[in-house]
Amino acid sequence: MRLLRISALVLVLLLLAAPLGGCAAKNRTALTIEEIPIDREVFIYYYDYVRAHAEDFELYASSPHKFFAEKAQLLCARYLHVNSMFDQQGKALTIQEKAAISEKVNKRWRVFSAHYTGIGVTKQTLTKIESSQAFRDRLFFDRYGSGGDKAVAEKDIQAYFSQNYVVCKVIPGYFTQMNEKGEQKKLSQSEISALRNQFAKMLQDLGDGKSMDQVNDSYLDTVNSLVPQTILQRGSQTYTESFFADVQKLQPNVPKILEYAKDNYIFLVERESVDYKNDAAYLENRDSCLKQLKEPEFLQELNAKADEYKIVRNEKEIAQVMAMP
């Protein structure tokens, strides 16, 4: 296979997190990919990532550690390929992209610094990883976004949004309440009937011209507060799949009561129409829709390239990583 042209810029990026001192850096190399050293910290990061997301790699938490190492090795090769592609195409991150990387790294470090420090990954390495992710995102959107050589038609992105997202307003109610012991107890039949009547009256008020906000303000003392504009996504853990499907079937701006007695829920729901040119609900999720449409194809291509790379393993270093608890 023809070797990649690895520029000085990419080499600097690859080696940023290596310990200072020639001998230390050499001893901490976990992999050599196309004659480019991948330091131990980068390998540890991806090894830890695979372990934490085993199912995404068709593995189990109990799988032999050598399989985690093999997947981490592939991710390291993909990391190198992405960094090289970005440099070879003469791209550079914007000030905004660099600021976003810094913000992501700082947030992750505030929450997970003890974990990363414990496994031997520095904040500097997190910056390398997030930078490579930003490179990958730019390569993706330059290809599949507007003007790209594989640009996805806007109507196809909108169709995906329509099939997988629903914009609505919701007033929830519950057939349970918490007692003095902090336990959820089901309401009595008379209380449930009263709550149903309350929701029926709210629906009637909507039919008489009141808005969801006005109805919510009128009944705030007796029902739960209106959930502001909500974007439901198919497959989300926030709501059940049946609730998503039921809301998706609703006609826009035609409110309806949805009751799930078995789950002790009742909802007053109004699905909203979407203005694809101006509605923030769509515009803020457009890139996510594009990624969900085309990222599997993009990653398959990157993985295929990474699979072609000549990789030399430092078995001693990798064995130490696999021995981590």
Side-chain angles (χ1 to χ4, degrees), residues 11-83 100-137 235-238 295-296 299-300 302-303 306-307 309-325:
L11 282 171
V12 168
L13 181 66
L14 289 170
L15 300 173
L16 267 176
L20 297 178
C23 292
K26 182 178 179 180
N27 290 338
R28 307 309 282 181
T29 296
L31 303 168
T32 301
I33 304 176
E34 295 293 346
E35 301 183 5
I36 303 300
I38 302 294
D39 69 79
R40 173 186 168 101
E41 284 195 30
V42 171
F43 181 81
I44 290 176
Y45 174 87
Y46 284 120
Y47 179 86
D48 181 67
Y49 181 87
V50 173
R51 288 184 66 180
H53 302 84
E55 291 184 2
D56 293 345
F57 298 90
E58 299 181 346
L59 296 173
Y60 300 97
S62 59
S63 294
H65 289 188
K66 67 177 183 179
F67 296 131
F68 297 140
E70 289 173 359
K71 296 297 184 181
Q73 178 177 304
L74 173 65
L75 295 183
C76 286
R78 190 172 77 188
Y79 162 87
L80 172 61
H81 180 62
V82 166
N83 292 354
I101 291 169
S102 179
E103 183 178 358
K104 286 181 182 179
V105 170
N106 287 335
K107 284 183 177 179
R108 291 180 68 182
W109 194 253
R110 282 196 297 270
V111 178
F112 301 112
S113 59
H115 170 72
Y116 286 125
T117 300
I119 64 175
V121 171
T122 62
K123 189 176 182 181
Q124 195 174 33
T125 292
L126 285 185
T127 301
K128 289 175 56 179
I129 298 297
E130 288 295 345
S131 295
S132 187
Q133 179 62 53
F135 295 165
R136 195 178 91 187
D137 286 344
S236 169
Q237 300 298 313
T238 306
E295 193 166 47
L299 291 180
Q300 185 177 23
L302 294 179
N303 290 341
D307 269 335
Y309 285 5
K310 177 183 178 182
I311 300 176
V312 178
R313 294 161 52 107
N314 184 331
E315 297 295 350
K316 180 179 178 181
E317 289 289 344
I318 291 175
Q320 290 177 0
V321 173
M322 290 193 297
M324 293 191 311

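These values consider heavy atoms only, across backbone and side chains, with no hydrogens, waters or symmetry-generated copies.
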| said: For Phe68 and His65, take the angle between the two ring planes, folded into 0 to 90°, and tell me which bin it lands in: parallel under 30, tilted 30 to 60, perpendicular over 60. | reply: tilted
| Nearest 0.5 Å, what's the CD-CD1 distance between Gln73 and Ile33? | 7.0 Å
| said: Could you report the tightest heavy-atom contact between Ala72 and Val50, atom names first, then the distance? | reply: N-CG2, 4.0 Å
| said: Between Lys128 and Glu41, is the salt bridge (Lys or Arg N to Asp or Glu O under 4.0 Å) condition met? List the steps. | reply: CA-CA 10 Å; Lys128 289 175 56 179; Glu41 284 195 30; over 6 Å; no
| Val321, Val121, Ile119 screened by side chain to side chain contact (heavy atoms under 4.5 Å, CB included) with Asp48, the one that passes | Ile119
| message | For a quick test of reading the model, state the closest non-hydrogen atom pair linking Thr29 to Glu317 and the distance between them. | response | O-CG, 3.6 Å
| side chain to side chain contact (heavy atoms under 4.5 Å, CB included) evaluation trace for Tyr116 with Ser113 | CA-CA 5 Å; Tyr116 286 125; Ser113 59; 5.9 Å; no
| said: Show the nearest heavy-atom pair for residues Gly120 and Ile44, with the distance to one decimal. | reply: O-CD1, 4.5 Å
| Which atoms form the tightest heavy-atom contact between Val82 and Ser132, and what is the distance? | CG1-O, 3.6 Å
| Would one find more than 12 heavy atoms of other residues, nucleotides or ligands at under 6.0 Å from atom CD of Gln300? | no
| said: Could you measure the distance from the OG1 atom of Thr125 to the OH atom of Tyr45? Nearest 0.5 Å is fine. | reply: 10.5 Å
| said: For the CZ atom of Phe135 and the OH atom of Tyr79, what is their distance to the nearest 0.5 Å? | reply: 8.5 Å
| request: Supply the atom-to-atom distance Glu103 CD to Glu130 CD, rounded to the nearest 0.5 angstrom. | output: 11.0 Å
| field | Glu58/Lys71 under salt bridge (Lys or Arg N to Asp or Glu O under 4.0 Å): CA gap, chis, key distance, verdict | value | CA-CA 10 Å; Glu58 299 181 346; Lys71 296 297 184 181; 5.8 Å; no
| Is there a side-chain contact between Arg40 and Asn314 (heavy atoms, below 4.5 Å)? | no
| task | Look up atom CG in Leu75 and atom CD1 in Ile129, then write down how far apart they are to the nearest 0.5 Å. | result | 9.0 Å
| said: Run Phe57 and His53 through ring-ring contact (aromatic ring centres under 6.0 Å, His included) and show every step you take. | reply: CA-CA 7 Å; Phe57 298 90; His53 302 84; 7.6 Å; no
| query | Would a distance-only check, ignoring hydrogens and angles, find a side-chain to backbone donor-acceptor pair under 3.5 Å from Thr117 to Ala114? | reply | no
| Ile318 versus Ala69, closest heavy-atom pair with distance | CG2-CB, 4.2 Å
| Quick one: does Ser131's side chain have a donor or acceptor within less than 3.5 Å of a partner on Thr127's backbone? | yes
| said: Lys66 vs Glu70, test: salt bridge (Lys or Arg N to Asp or Glu O under 4.0 Å). Steps then yes/no. | reply: CA-CA 6 Å; Lys66 67 177 183 179; Glu70 289 173 359; 6.0 Å; no
| remark: CG of Asn83 to CD1 of Ile36, rounded to nearest 0.5 Å, is 11.0 Å
| query | Where do Phe43 and Ala30 come nearest, in terms of heavy atoms and distance? | reply | CB-CB, 3.6 Å
| query | Can you name the one residue among Glu34, His81, Arg78 that meets side chain to side chain donor-acceptor pair (under 3.5 Å) with Tyr309? | reply | His81
